Amino acid sequence: MLRVFVNMCVYIQKERSVVPVLAHDRVPLVSGGVKQLLGGWGAVKSFAYLGLSLCSLPSAKKSKGQPESWWRWLKAALLLSSAAVGGLLSWSYLSTEDGVTEVLAHHRDSLQDKFIEVPCSEDYDSHKRFEGCTPRKCGRGVTDAVITREEAERIRRIAERGLALGGSDGGASILDLHSGALSLGKHFVNLYRYFGDKIQDIFTEEDFALYRDVRQRIQQRIAQAFGISSASMYLTKPTFFSRINNTEAKTTHDEYWHPHVDKVTYGSFDYTSLLYLSDYTEDFGGGRFVFMDTGSNKTIEPRAGRVSFFTSGSENLHRVEKVHWGTRYAITISFTCNPDHGIGDPVLT
């Protein structure tokens, strides 16, 4: 924004125009997005005039005979004020460009249940349909009433102990207790084979029992929201813990922020859920979950114990914002209607 004013001053001084040029065709004063925020060209001209006034301060100083130090101070104050306003407008512009226009669930709110129905996409038509399970009613929901914050803390400790055995070199690490997949450097290992009997010292039967109980309650809540029987749903892969921080990505596996559709990425998915295990703004910054709707995105701010769930087709295109600081923990629990793609709960052997 300072550069805009400097370029503007240089241009005016070059032209030596008697009439102030507030918005010349050859001088891009502000971007279209900021124009919109300022409320049209009238406001843009007023904002531009502040910059032009700064250019004329030296000559005004001479004509009125004011002390030079006073005019320097005034010029600096006005320039800093203009820069502050410009910074605020730039921030607002970037927020608007990001498309995050509505927060479905604030982290500070405790939600009993919230559900929004959306039209189903055609993604399910290219897969075998299972009556009474394959989505005919599509949408997204969020609740803080299924899993307690204390249970979320216990689940998070399971994730922390498991991920302490490895971890990605980049910003995103996963732990899959079903398949045993664990991020390690730039690759994955099977923690059950890699660590063998040591696993008994990391996890307990109580850990796995809690994991199963949490999964069952989330499954029942999804079935209730979509009007289907929970018995018609099957846990499917991948179902996994994620730990995300602001470390630079080293491989494509670390690039978690790209928009995607679960049904396209994993054909078996019909219903997706996430259980958040840490708090937005307290444990990490950034990292919000964003549904990318046409015209206006919808955002969920993570909160420990919060469950978000949705049908897995293109009607719920989504992404996760980059984490700017701290560490974000969550677990993705996915379900299919096809029993051939079902998996069992993890067992400690």
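Bear in mind that the values here come from a model prediction, so they are computed numbers and not experimental data.
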With a 3.5 Å distance limit and no angle check, can you tell me whether [X] reaches the backbone of [Y] through a side-chain donor-acceptor pair?
X: S230; Y: Q220; answer: no
X: E315; Y: S121; answer: yes
X: K114; Y: L104; answer: yes
X: D262; Y: S312; answer: no
X: D144; Y: L111; answer: yes
X: N316; Y: G313; answer: no
X: H260; Y: H258; answer: yes
X: D270; Y: C337; answer: yes
X: K250; Y: E248; answer: yes
X: S273; Y: I333; answer: yes

Charged N-O contact under 4.0 Å between [X] and [Y]:
X: D207; Y: R161; result: yes
X: E151; Y: R156; result: no
X: R303; Y: D279; result: no
X: R154; Y: E150; result: no
X: D283; Y: R328; result: no
X: R140; Y: D293; result: yes
X: R149; Y: E153; result: no
X: R212; Y: D345; result: no
X: R136; Y: E131; result: yes

Q: Scan for ring-ring contact (aromatic ring centres under 6.0 Å, His included) pairs involving residues 327-349, sequence neighbours excluded, and state none if there are none.
A: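 For residues 327-349, and leaving out neighbouring residues, there are no ring-ring contact (aromatic ring centres under 6.0 Å, His included) pairs at all.
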Can you measure from [atom1] ([X]) to [atom2] ([Y]) and round to the nearest 0.5 angstrom?
X: T252; Y: K186; atom1: OG1; atom2: NZ; value: 12.5 Å
X: T143; Y: D113; atom1: OG1; atom2: CG; value: 4.0 Å
X: T247; Y: D169; atom1: OG1; atom2: CG; value: 9.5 Å
X: C138; Y: Y124; atom1: SG; atom2: OH; value: 4.5 Å

Q.
Could you go through R221 and V307, starting from their C-alpha distance and side-chain angles, then the distance that decides it, and tell me whether this counts as side-chain contact (heavy atoms from CB on, under 4.5 Å)?
A. CA-CA 10 Å; R221 180 64 191 90; V307 176; over 6 Å; no
[Y] and [X], any side-chain heavy atoms less than 4.5 Å apart:
X: F203; Y: L348; value: yes
X: I155; Y: V214; value: yes
X: T239; Y: T332; value: no
X: C133; Y: M233; value: yes
X: R319; Y: W257; value: no
X: N297; Y: E102; value: no
X: T336; Y: F269; value: no
X: Y192; Y: I199; value: yes

Tell me, yes or no, whether the heavy-atom count around [X] atom [atom1], taken from other residues, nucleotides or ligands under 6.0 Å, exceeds 12.
X: F195; atom1: CZ; result: yes
X: H324; atom1: NE2; result: yes
X: D197; atom1: CG; result: no

**Q.** side chain to side chain donor-acceptor pair (under 3.5 Å) assessment of T236 paired with S334
**A.** CA-CA 6 Å; T236 194; S334 46; 5.6 Å; no
Might you point out which heavy atoms bring [X] and [Y] nearest each other, and give the distance in Å?
X: G344; Y: L235; answer: O-CD2, 4.1 Å
X: S173; Y: S183; answer: CA-OG, 3.5 Å
X: G132; Y: S232; answer: O-OG, 3.6 Å
X: F241; Y: L177; answer: CE1-CD1, 3.7 Å

Q. Can you name the residues that form a side chain to side chain donor-acceptor pair (under 3.5 Å) with E301, not counting sequence neighbours?
A.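 E301: side chain to side chain donor-acceptor pair (under 3.5 Å) contacts with H107.
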Tell me whether [Y] is reachable from [X] by hopping between hydrophobic residues (I, L, V, M, F, W, Y) whose side-chain heavy atoms are closer than 4.5 Å.
X: I174; Y: V323; result: no
X: Y271; Y: L275; result: yes
X: Y211; Y: V146; result: yes
X: L191; Y: F188; result: no
X: I244; Y: L277; result: no

Q: Take N338 and F130 through the test side-chain contact (heavy atoms from CB on, under 4.5 Å) and record every step on the way to the result.
A: CA-CA 7 Å; N338 189 338; F130 292 84; 3.5 Å; yes
Would the [X] and [Y] ring centres measure less than 6.0 Å apart?
X: F226; Y: F115; value: yes
X: F289; Y: F310; value: yes
X: F240; Y: H178; value: no

Q.
Hydrogens and angles aside, do Y276 and S308 bring a side-chain donor and acceptor to less than 3.5 Å of each other?
A.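 The criterion, which ignores hydrogens and geometry beyond distance, is satisfied for S308 and Y276.
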(Q) Less than 3.5 Å apart, any donor N or O on the side chain of S168 or D254 sitting next to an acceptor on the other? (A)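 Their side chains do contain a donor-acceptor pair, which is all the 3.5 Å distance test asks for.
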Q | Reference residue F291; test side chain to side chain contact (heavy atoms under 4.5 Å, CB included); the match among L317, I116, I300 | A |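 Among L317, I116, I300, the one meeting side chain to side chain contact (heavy atoms under 4.5 Å, CB included) with F291 is I300.
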Q: In sequence, state the C-alpha distance, the side-chain angles, and the governing distance for D123 and S314, and then conclude on side chain to side chain donor-acceptor pair (under 3.5 Å).
A: CA-CA 7 Å; D123 295 345; S314 298; 2.5 Å; yes
(Q) side chain to side chain donor-acceptor pair (under 3.5 Å), that's the test. Do S296 and K298 meet it? Break it down for me. (A) CA-CA 7 Å; S296 62; K298 310 294 189 300; 3.0 Å; yes
**Q.** Audit row: M292, H318, side-chain contact (heavy atoms from CB on, under 4.5 Å) steps and yes/no
**A.** CA-CA 5 Å; M292 303 181 68; H318 61 275; 5.5 Å; no
Q) Going through the distances and angles, do R243 and E160 end up as a side-chain contact (heavy atoms from CB on, under 4.5 Å)? A) CA-CA 9 Å; R243 182 185 69 192; E160 289 173 335; over 6 Å; no
